Amino acid sequence: MSGNRFKKVHATSSRARYKFELLKDEYIDDNILKRYLEKIEHVTSVRINKKALSIIFTFSEDVSEEIEDRLRGVDSDKLLSSIDNEASVCVSCVSDEEPSLKGVGLASAALVSERFIKNDFINATFATTAATPLLIDGTKELFKEGLTSRVLESAAVGISLLRKDYLAANSTNAMLELGEYIEETTVHRSDDLLKELSKPNVKEAWVEKEEDGKVVEKLVPSEEIQVGDIVVVSAGSTIPVDGHIVYGDASVNQVSMTGEAEPLKKQRGDRVISGTVLEEGRLKIWAEHVGADTATQRIKHYIESSLNEKSSVQLKATKLADKLVPVTLGLAGVSYVMKKDFERVASILQADYSCALKLATPVAFKSTISKAGHEGIMIKGAKSIEALNSADTFIFDKTGTLTQGDLEVIEVQSFDENWTEEEVLNLTASTEEHYFHPVAEAVVKAAKKRGFVHMHHEEVEFIVAHGVKTEVKEKTVVIGSRHFLEDDEGIDFSAHKEKIDKSIDEGKTLLYIGYGNTLLGTIALSDQIRYNTKESIIRLKELGVKHTVMLTGDVDKKAQMVAEELGIDEVYSELLPTDKASIVKKMMDEGRKVAFVGDGINDAPALISAHVGISMSKGADIAKATADVSLLKDDIGAVVEAKELANKTMKLINTNFNATVGINSAILAGATFGAFSPIVTAILHNGTTIGLLLNSIKGVKLNK
């Protein structure tokens, strides 16, 4: 059998269960897989148990063949492309329904009325009516999930009602309802970033089309835009695609995607991303990514995974809470056997650990993920926060990470006295201006600064990984690497070897220009170190990072100079792209907790190998897809912000965890020995839970 491995374990006329090996892949999102499989005709429901590698289908007609065909051919790329604009966000994760105060109001009304009404029957009616939702939920949960905190809470209220202690029943119920309302409000608010992104996308866009030999602008549905189309965007419109500007200047507001409040000036050659708003000007954009491949759609998928994921500390809290439920119940049983006192039993049942343990931790994680998103830092779930907190070794790919990734022309040399430096630059820019390669963009930018004069040339041939070739005044122009000119085109370099070697020794990156089968000149380019790189390295060390490493393809002499300037501890130079992942693995084998920061296609293996991978904003899509943290703003300082948020979040969670266990243990001991009445226990226990929830809602703040 080709494709994915699966096995039909059980089947009836309307139901089938499969073992599916692909569920072992941690990057397969079971929510998206579920929706993908539900699209099979006649399938009425799909249930996935990722731990058991199991998928259960129910169907109205036997569609086993279609199910097996789909299981055989599915992969992560197919799942991502299956996401449509309306269904790309998990409905269970995000709700537009505002949390209701109805339960709080009803419980509070019963509590207040009990103080003024002396009739037992009326008080019993009010208290029972207010507590009915809790009693029903507790009963359902007992049969469905066994002994849980909800069961204990409903049992405590039920016992108080049977004892006709309506004050205790109403107090407990009111506190529980208030705690639940705060939790719902927190979840509702913490998902605000996802709600913002899940708003309907641009429905229509203007696209250039050729009709009757003329180029015209036509309004088309966004889903019909193809890669390579020229999309026209005017002031006030949202950009519907990811791509490069081929014409126009504009002011673009990127706050929704990067957190940068100030609009940015964008011009020809600059990259723009979907979901950003054009405030002034008019642009023509070459569509590079459309539909489900745009940044907006990928981020929706990214956040959906984040909100569904549970961390190890969250699982630890849940397991501990579940283990402590029988302890609480056991103490209540022993107390009743010894004292025959239902009031003490009700008090003990109030003192449950589960609420605070289970609620405060996920709320803290969600709060941080949401805050980070608004800072232009997309964190892929609670596990990534944990890994980032424990990271003690940061490995940086140099180009585009420690440096700006934007090459600048720093020197032009002419080897022909008949050609000035400006003419060599103009010739190169005239040939290169049709391409969006970083080298080409740097040359065109430099030529414009010096008063660019375009030179007429014939059609340009682009030779992948080598350079470009054209004709000017019936002579061949070749521009590119030394290998391209010297080995492929047979141009002699010997007369200028000394000058070229001197430039290389100085760490300059050279672009070679040949004209009429002779070496006309060179253009030296440099990638500038980011202004805040050194400061960021210092801040990371203050945040607990013990070791910093730089990886680069540069010659060792230049690499050591950069590392010394930045205060980086260890350098690996003259590397091949394939070396990065092996260095990451080597450091992990040494027992280090490794964070890798990179941006290129060849960084993907290292990003996925590290304990936590961080991709820069201008990075390749595959780098962003494989990273645990993806930066939407082009700032290495955001790496420090991510680390700071992770450290503070885990500190907050540990504080909450210790407070929960300590305070609730004291409350439970007091209730067991009869020191607290049910009302006092309810106030202390639920007050603690509410306090910890509020602490998690407040979340953490960055030092700015």
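All of these numbers come straight from a predicted model, not from anything done at the bench. All values below were derived from every heavy atom in this structure, side-chain atoms included, with hydrogens, water molecules and symmetry-related copies excluded.
By the 4.5 Å heavy-atom criterion applied to side chains, Tyr18 and Ile56 are not counted as neighbours. Residues Phe20 and Leu71 form a side-chain contact, since some pair of their non-hydrogen atoms from C-beta on lies under 4.5 Å apart. Residues Phe59 and Ile40 form no side-chain contact, since every pair of their non-hydrogen atoms from C-beta on lies 4.5 Å or further apart. Contact of the Val272 side chain with the Ile285 side chain is registered, since non-hydrogen atoms from C-beta on lie closer than 4.5 Å. Counting heavy atoms from C-beta outward, Arg70 and Leu37 have side chains that approach closer than 4.5 Å. Between Leu631 and Ile614 the shortest side-chain heavy-atom distance falls below 4.5 Å. Looking at Asn695 and Leu652, their side chains come closer than 4.5 Å, going by heavy atoms from C-beta outward. Arg5 places none of its side-chain heavy atoms less than 4.5 Å from the side chain of Lys19.
In plain terms, the two heavy atoms of Lys633 and Ala638 that are nearest each other are CE-CB, 3.8 Å. When all heavy atoms of Lys8 and Ser64 are compared, the pair lying nearest together is NZ-OG, 3.4 Å. When all heavy atoms of Ile379 and Ala372 are compared, the pair lying nearest together is CD1-CB, 3.7 Å. The shortest heavy-atom contact between Glu41 and Val63 is O-CG1, 3.5 Å. The minimum heavy-atom distance between Asn173 and Val157, with the atom names listed, is N-CG2, 4.5 Å. Taking every heavy atom of both residues into account, Ala364 and Ile653 meet most closely at CB-CG1, 3.8 Å.
Atom CD1 of Ile239 sits about 3.5 Å away from atom OG1 of Thr276, to the nearest 0.5 Å. The distance from the CD atom of Glu21 to the CG atom of Leu53 is 6.0 Å, given to the nearest 0.5 Å. Here CG of Leu135 is found 12.5 Å from NZ of Lys140. Values are rounded to the nearest 0.5 Å. The distance from atom NZ of Lys593 to atom CE of Met587, rounded to the nearest 0.5 Å, is 15.5 Å. Rounding to the nearest 0.5 angstrom, the gap separating the NE2 atom in His42 from the CD atom in Glu66 is 8.0 Å. The line from NZ of Lys648 to OG1 of Thr368 is 10.5 Å long, rounded to the nearest 0.5 Å.
The aromatic rings of Trp286 and His244 are tilted relative to each other, their planes meeting at an angle between 30° and 60°.
The pair Arg592-Asp392 does not meet the salt-bridge criterion, since no charged nitrogen lies less than 4.0 angstrom from a carboxylate oxygen. For the pair Glu641 and Lys371, the salt-bridge criterion is not met [side-chain N within less than 4.0 Å of a carboxylate O].
Cation-pi geometry between Arg72 and Phe6 is not met: the NZ or CZ atom fails to fall both under 6.0 Å from the ring centre and inside 45° of the normal.
No side-chain donor-acceptor contact under 3.5 Å links Thr393 to the backbone of Val594. Listed for the Asp229 side chain is no donor-acceptor partner under 3.5 Å among the backbone atoms of Ile225. Between the side chain of Asn389 and the backbone N or O of Ile385, no donor-acceptor pair lies under 3.5 Å. No donor-acceptor pair closer than 3.5 Å links the side chain of Asn49 to the backbone N or O of Ser54. With hydrogens and angles disregarded, a donor-acceptor distance shorter than 3.5 Å links the side chain of Lys643 to the backbone of Leu388. Between the side chain of Asn664 and the backbone N or O of Val661 there is no donor-acceptor pair closer than 3.5 Å.
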side-chain hydrogen bond (donor to acceptor under 3.5 Å, both in side chains) assessment of Asp62 paired with Ser13: CA-CA 7 Å; Asp62 186 7; Ser13 59; over 6 Å; no

Pair Ser154-Leu134, side chain to side chain contact (heavy atoms under 4.5 Å, CB included): steps then yes or no: CA-CA 6 Å; Ser154 60; Leu134 172 65; 4.1 Å; yes

Step-by-step side chain to side chain contact (heavy atoms under 4.5 Å, CB included) determination, Ser274 to Val241: CA-CA 5 Å; Ser274 62; Val241 296; 5.7 Å; no

Test side chain to side chain contact (heavy atoms under 4.5 Å, CB included) applied to Glu288 and Val290, step by step: CA-CA 7 Å; Glu288 182 181 9; Val290 301; over 6 Å; no

Test side chain to side chain contact (heavy atoms under 4.5 Å, CB included) applied to Thr660 and Leu692, step by step: CA-CA 8 Å; Thr660 298; Leu692 292 172; 2.9 Å; yes

Test side-chain hydrogen bond (donor to acceptor under 3.5 Å, both in side chains) applied to Thr44 and Ser60, step by step: CA-CA 7 Å; Thr44 54; Ser60 56; over 6 Å; no

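The environment of NZ in Lys7 is sparse: at most 12 heavy-atom neighbours from other residues, nucleotides or ligands sit within 6.0 Å. The local environment of NZ in Lys651 is sparse, with at most 12 non-hydrogen atoms from other residues, nucleotides or ligands closer than 6.0 Å. Within 6.0 Å of the NZ atom in Lys102, the count of heavy atoms belonging to other residues, nucleotides or ligands does not exceed 12. Summarising the local packing, CD of Glu65 is surrounded by 12 or fewer heavy atoms from other residues, nucleotides or ligands at distances under 6.0 Å.
Side-chain polar atoms of Ser696 and Asn656 form a donor-acceptor pair below 3.5 angstrom. The closest side-chain donor-acceptor pair between Ser630 and Ser615 falls under 3.5 angstrom.
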